[in-house]
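Structure, as structure tokens:
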Amino acid sequence: MARDRTDEPEDAVLREVWRDVLRRDPHQQFFHSDVRGVLRSIGPVLVEHPEYVEVVGRLCEPERVIVFRIPWTDDAGRVRVHRGFRVQFNSALGPYKGGLRFAPSVDLDIIKFLGFEQVFKNALTGQDIGGAKGGADVDPKALSSGELMRFCQSFATELACHVGAAVDVPAGDMGVGSREIGWIYGQYQRLIGYHEPGAFTGKPAVLGGSALRPEATGYGVVYFTRRMLAEQDRDLDGARVVVSGSGNVALFAMDKVVASGGTVVGCSDSRGSISEPDGVDVELLREVKGQGGSVADYAEKRSGASTADGSPFTQECDVALPCATQNELGADEARALVQNGCRVVAEGANGPVTPEAREILRDGGVAFGPGKAANSGGVAVSALEMQQNAGRERWSAQDVDERLSVIMSDAYDRVRDAAERYHGDGADLENGANAAGFLRVAEAMTSLGVV
Ligand code: GLU
């Protein structure tokens, strides 16, 4: 792939790091794009902290990349094989931490991108956790429950020697929920021969999963959005909100929007989108989705709802929360949001807004909350789950919710302060998130020596 030379960082050290990244893995476009964004943001940090310059090259190279075969037998007795990944990106702040994604699109590029993102995200939570990501190129929806359990067991058998409560603590992500984490943990426990609940988070409650872990990312993105709106002297009360996606993140974000006085005027799933100006009935949507239905099936039950093939973000709204998947909100949607007077876009998913779309939003005066800050509530409550498991404690949902709300608010302050300090008044939060995340990780890496 030919790259525009003007895309290169001006600073000589950063340019060298960038060229190394391209040379080592010339085809990893998701990873490149994420690294490029970080390099763009940290120049001013390095002027103030020249001692962190040498960290950048190390930071862009994962500490360890594990790729493995996952053999299993399907219901028809056929032997199948998939590929598994765990990218242990950075452990300067604590044990590697990050989710497992099961999706056909999973490859090393995606997992490295998500792992790199996780390093900064985890740093922004203020918790002591490093960054990692993993998964497999499997479509869990195409498997029976028995097949998926056997798949998880085979996956865990290969992963077991690389994880542990003080080593690497995986959790869920797309296609991996508490049921799958329970199966993976179950196989892990058989292999190691003792209980170690802190080795995985997002477990079923009965196995030591934290209260509010399923809700955490969705609630967290709304807490972050509230702070973004407050900066503009607005709030969610009376706001029209579009939320894409129909997994945990989206549904719990919708719940919190409604509880905050907002109206969910549009939503979507992989099969299409709907518009409902009077407000989506989130409980009914949850019920329809829980029975395997689509948002279109939901819309059929509601007289005020209409369906569309395209993106949900082309309708009028004050706030947009992309909570589906990477690159779902591109230039066309960004233009529509600017034109329709949207005030805030915050990423509930990882990387849903394309770089081009981010620029259009920025130029159009729409505040943008980057995922590494806005959706950090999930991994933050995972860190709280690790604390509970280590202390053999169980905290109430209210206790966890209060802590989550403080963590999101602190993350917002960290990001906004770094944006202003290094990129000037009114600077965008993406630069702030990269700068603030980098500062914390770079300080830890420097303190550890060259390791
Ligand atoms: N997969 C989630 C994320 O992208 C959560 C990871 C975790 O809880 O470790 O942040």
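Ligands are counted one by one from 1 in listed order, and the atoms in each one are counted from 1 as well. Side-chain atoms are counted along with the backbone in the values below, which use heavy atoms only and exclude waters and symmetry mates. Residues: numbered from 1 along the sequence shown. Keep in mind that what you see is a predicted model, and the values were worked out from it rather than measured.
Annotation for ligand 1: atoms under 4.0 Å from non-hydrogen atoms of Lys121 are 3 (C), 4 (O), 10 (O). Of all atoms in ligand 1, listed by their number and element, those nearer than 4.0 Å to a heavy atom of Ala171 are 7 (C), 8 (O), 9 (O). Close contacts between ligand 1 and Lys133 involve ligand atoms 1 (N), 3 (C), 4 (O) [criterion: under 4.0 Å to a heavy atom]. Counting the atoms of ligand 1 from 1 in the order shown, those under 4.0 Å from a heavy atom of Ser382 are 7 (C), 8 (O), 9 (O).
Counting heavy atoms closer than 4.0 Å to ligand 1, residue Asn350 contributes side-chain atoms (C-beta onward) but none from N, CA, C or O. Of all the heavy atoms of Gln118, the ones lying under 4.0 Å from any atom of ligand 1 belong exclusively to the side chain.
Salt-bridge annotation for Asp74 and Arg80: present, with a side-chain N of the basic residue lying under 4.0 Å from a carboxylate O of the acidic one. Taking 4.0 Å as the cut-off between side-chain N and carboxylate O, Glu385 and Lys203 count as a salt-bridged pair. The pair Arg394-Asp399 does not count as a salt bridge, with every side-chain nitrogen at least 4.0 angstrom from each carboxylate oxygen.
At the top of the distance list for atom 1 (N) of ligand 1, counting protein heavy atoms only, stands Asp173 OD1, 2.8 Å. Among protein heavy atoms, atom 6 (C) of ligand 1 sits closest to Gly99 N, 3.5 Å.
Smallest separation of non-hydrogen atoms from Leu124 and Ala411: O-CB, 3.6 Å. Closest heavy-atom contact between Pro26 and His32: O-CE1, 3.4 Å. Thr201 and Ser382 make their closest contact through OG1-OG, 2.7 Å (heavy atoms, listed as atom of the first residue, atom of the second, distance).
Each ring-ring contact (aromatic ring centres under 6.0 Å, His included) pair with one or both residues in residues 200-228, not counting sequence neighbours, appears once here: Tyr188-Phe200, Phe224-Tyr412.
Some N or O of Gly172 is nearer than 3.5 Å to an N or O of ligand 1, by distance alone.
Between the Glu420 side chain and the Asp417 main chain, no donor and acceptor come within less than 3.5 Å of each other.
Which of Lys97, Met174, Met386, Arg213 comes nearest to atom 9 (O) of ligand 1 through a heavy atom is settled by distance: it is Lys97.
Not close to ligand 1: Gly202, with no non-hydrogen atom less than 4.0 angstrom away.
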